[in-house]
Structure formats: structure tokens, C-alpha cells
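Have a look at the structure below before the remarks.
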Amino acid sequence: MSASAITDPARLASRLLDWYDANKRDLPWRAIAGERADPYAVWVSEVMLQQTTVAAVRPYYEAFLARWPTVEALAAASLDEVLQTWRGLGYYARARNLHACARLIAGERGGRWPQAEADLRALPGIGAYTAAAIAAIAFEHGSTPVDGNVLRIIARVFGIETPLPAAKAELTRLARTLTPPRRTGDFAQATMELGATVCRPRRPGCDRCPWADDCVARAKGSAERLPRRSARPPRPTRQGWAFWLEHADAGVLLRQRPARGLLGGMMEVPSTPWRRAPWTAAEAIAIAAPADARWRPLNAVVEHTFTHFHLRLSVLAARLEGPPPPDVAGTWVPLPDLEDQALPSLMMKVVAAARGEA
DNA sequence: AAAGCGTGGTT
DNA sequence: TAACCAAGCTT
């Protein structure tokens with residue numbers, strides 16, 4: 001017996017499942033009570049939910065499953081179509097991996113999903129968390145998905161003071177000790193639901209928590225400051241100029257970004273590189289303008305924050321007359337068709353700035 | 001293994 | 001308001 005106040009893992013699991021039955025939210029990817037979860041739906045939802053809130057995912061999930069109800073349908077789609085549907089949701093490698101994984105499942109595997117956690121883990125875009133989540137939720141395997149919610153509720157209920165990410169291995173081990181032999185899918189969802197709705201990062205609702213009686217952090221009054229986290233490096237600011245080039249007949253010039261890396265495979269308004277040092281407009285035009293034209297700076301500056309840097313993007317605009325020059329690299333898109341492009345949020349801000357001043 | 005990878009809501 | 005944070009994965 002450890003010195004921990006957690007004396008009975010089975011009791012914690014039981015209390016959590018009772019709480020879940022009474023409080024679970026109605027989410028579109030959840031199986032109807034008594035029915036088996038659709039692995040495809042579980043997979044799509046879990047990938048969308050990576051580092052993304054339920055509120056943000058919901059409309060994307062609805063649209064995605066309406067358009068591609070099965071893994072075979074998704075496999076038959078083009079990557080561009082998938083990226084277009086994913087636009088605005090972020091972390092676009094998820095969409096690329098989702099598409100690759102669909103083709104692998106529908107093709108080589110004949111539409112059959114692996115069920116074991118280790119086999120799911122080998123698929124593109126499926127890491128430790130997602131493999132455990134699919135195995136538990138879709139197949140009732142005894143796996144224990146550990147996401148940010150689970151790290152938090154476990155750190156608090158056991159009173160673990162070790163900062164993340166160093167504490168992750170220990171918190172994962174402790175989470176596994178609580179996983180019951182049955183209803184593993186519900187238990188997995190219940191742990192995350194508890195973290196998302198009660199045991200929140202700030203102002204935890206301990207008065208509504210099924211684990212309050214056993215929670216070490218609550219007893220110590222330390223819940224709100226757990227889990228501890230190591231300090232993060234500061235985010236630098238990068239700068240660049242975007243080139244909004246309109247042609248009276250053809251529309252606006254867009255390009256597709258390289259297939260991998262930041263915003264990989266997405267469409268963009270052509271721009272200079274994004275760097276720490278500021279640019280003069282003349283330097284930007286000399287290095288990166290997509291065409292010889294009368295460029296004029298817009299007043300609006302687009303600001304956008306990525307995971308690891310802030311971006312300040314100024315905009316130069318120009319209009320071409322006559323036939324579209326053949327030596328311009330990119331795609332001319334009529335203005336009304338911009339909404340159908342795989343333009344990420346940053347580029348939608350550029351579009352809004354340019355059209356607002358045009 | 002540390003860094004790259006989006007976006008929007010909350011505080 | 002600037003910082004924090006979200007049902008993480010890849011290299």
C-alpha cells in the first residue's frame with residue numbers, strides 16, 4: 001500500500017462512470033447508447049480533437065462526415081478536397097495524414113481497421129493518445145488514452161508536483177492503474193469529460209467532482225496550480241510582405257504551398273519569406289514580387305499567431321491589365337471562388353484586408 | 001528529444 | 001491584453 005490517499009482504484013473508476021452516465025454531453029461522434037461505435041467516426045473525431053476544442057471541431061466534424069461517411073469515400077477523395085474541408089481547423093498535417101491513412105485502410109487493408117493499440121499506433125497521424133482512444137472507444141480494449149485532460153485530473157487526484165512534460169510517464173502509469181476491466185471506452189471518455197467540464201485548468205469545480213473525497217490536491221488546496229509545467233520559450237515575431245495581384249478577367253493570383261511543413265499543401269497569397277528582420281517594400285518587391293507591376297502598400301497589416309511565432313504580414317497590391325502574363329507562377333482564382341479554396345485562416349485575413357481596401 | 005506544427009476562446 | 005490552453009503527432 002502506498003502512502004497515497006488513493007486507496008481504492010475500483011471505487012474511483014466506479015464513481016467516475018456513474019458521474020459520466022449522469023452528465024455526459026451529447027456529442028455527434030458518440031455512439032447511440034447500446035450501439036457499437038463506428039471506428040471511422042471515432043478516428044475522424046479523435047484526429048480533429050487533437051489540440052483542438054470540442055466547440056471548434058463540432059461543425060467541421062459534421063461537414064466532414066456528411067461529405068465522406070465512410071473510409072472508402074474518404075479514400076476516393078483528393079487531398080486538395082480534404083485540405084479544403086479542413087481549412088481553418090489548423091495543424092494541416094492531420095488532414096494529410098488522415099487522407100493517407102484512409103487510402104491505406106480502404107486499399108491495402110480492404111476497409112478493415114486494426115483493433116490492437118500497437119497496430120493502430122503504426123498508422124499515419126495516430127500516436128500514443130489516439131491509438132489508445134480508438135482501441136478503447138471503438139473496440140473496448142483495455143487501453144488508457146492520456147491527453148491533456150487526463151494529465152490534469154491524474155496530477156490533481158494523486159497530488160503529483162513533478163512538472164510536465166517530465167511527469168507524463170508517471171501520470172500515464174497512474175492513469176492505467178485506474179482503468180477498469182469493463183466499459184473502457186466510457187471510462188476513457190469520462191476521464192476527458194471530467195477534465196474538460198469539471199477539473200478545468202482554472203477554477204476547478206471541485207464541489208461537483210465525483211473524486212473530490214479522494215483528491216490529494218483538493219485536500220491540500222493545490223488543485224488550481226496542478227499540473228505544474230516547465231516554462232515555455234518566448235515566441236518571436238517574424239515579418240513579411242504579401243503580394244495581392246488582381247487581374248480584371250482572371251481574378252487574383254494564388255499559389256499552393258509546399259506539400260509539407262507550415263501550412264503544407266494549402267493555398268496562399270504569394271509572399272516574401274517570413275523572417276525576424278524587417279523588410280522595406282522595395283526589397284520585398286525585388287526579391288519576391290510574382291510579377292512586374294505597380295505595387296502599392298495597403299494600410300492594413302495582417303497579424304497572426306502560430307504555435308511558435310507571431311507574424312506581421314504587410315500587403316502590397318497591384319492590378320494587371322490586358323491578357324494575363326504567361327510567366328506568372330501560380331493559379332488565377334476569380335474573386336467569387338476564393339471561398340472554395342484551401343486558404344488557411346492567415347490567408348483569409350490577407351484576403352479580407354486586400355478586399356477591404358481594394 | 002526538443003522543436004515544428006494552427007487556430008480561436010478564455011482569462 | 002498578452003498569455004495560456006485545447007480529446008497530440010512527427011522528425
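Letters go in sequence order (proteins before strands), and every chain restarts at 1. Atom set for the values below is all heavy atoms of this structure, side chains included, hydrogens, waters and symmetry mates excluded.
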For a quick check of understanding: with a heavy-atom distance under 4.0 Å over all strands, which category does [X] fall into, base, sugar-phosphate or nothing?
| X | answer |
| --- | --- |
| A/Arg200 | nothing |
| A/Pro344 | sugar-phosphate |
| A/Leu346 | sugar-phosphate |

_Check for me whether A/Arg235 meets the cation-pi criterion with A/Phe309, that is, NZ or CZ under 6.0 Å from the six-membered ring centre and within 45 degrees of the ring axis._
no
*Kindly indicate whether a cation-pi arrangement holds for A/Arg275 with A/Trp279, taking the cut-offs as under 6.0 Å to the six-membered ring centre and within 45° of the axis.*
yes
*Is it possible for you to say whether A/Val42 and A/Tyr60 belong to one hydrophobic cluster, with membership spreading through side-chain heavy-atom contacts below 4.5 Å?*
yes
_Test of understanding: clusters of I, L, V, M, F, W, Y form through side-chain heavy atoms closer than 4.5 Å, transitively. Do A/Leu298 and A/Leu316 belong to the same one?_
no
*Boundaries of the DNA chain B segment in contact with chain A, non-hydrogen, under 4.0 Å*: B/dG4 to B/dT11
_Taking the six-membered ring for Trp, are A/Trp19 and A/Trp211 closer than 6.0 Å centroid to centroid?_
no
Could you give the distance separating [M] and [N] at their [atom1] atoms, to the nearest angstrom?
| N | M | atom1 | result |
| --- | --- | --- | --- |
| C/dT1 | C/dC5 | C1' | 16 Å |
| C/dC4 | B/dG6 | C1' | 15 Å |
| B/dA3 | C/dA7 | C1' | 23 Å |

*If the sugar-phosphate is the primed atoms plus P, OP1 and OP2 and the base is the rest, what is the B/S/- string for nucleotides 4-11 of chain C, using protein heavy atoms under 4.0 Å?*
-SBBBSS-
*Between A/Phe64 and A/Trp68, what is the ring plane arrangement, given parallel below 30°, perpendicular above 60°, and tilted in between?*
perpendicular
*Which one of A/Gln239, A/His304, A/Glu303 satisfies the side-chain hydrogen bond (donor to acceptor under 3.5 Å, both in side chains) criterion with A/Arg312?*
A/Glu303
*Please tell me which of A/Phe309 and A/Lys349 maps to the more 5' nucleotide of DNA chain B, matching each residue to the nucleotide holding its nearest heavy atom.*
A/Phe309
*Determine the sole option in A/Thr272, A/Val315, A/Leu253 for which the side chain to side chain contact (heavy atoms under 4.5 Å, CB included) test with A/Phe243 is passed.*
A/Thr272
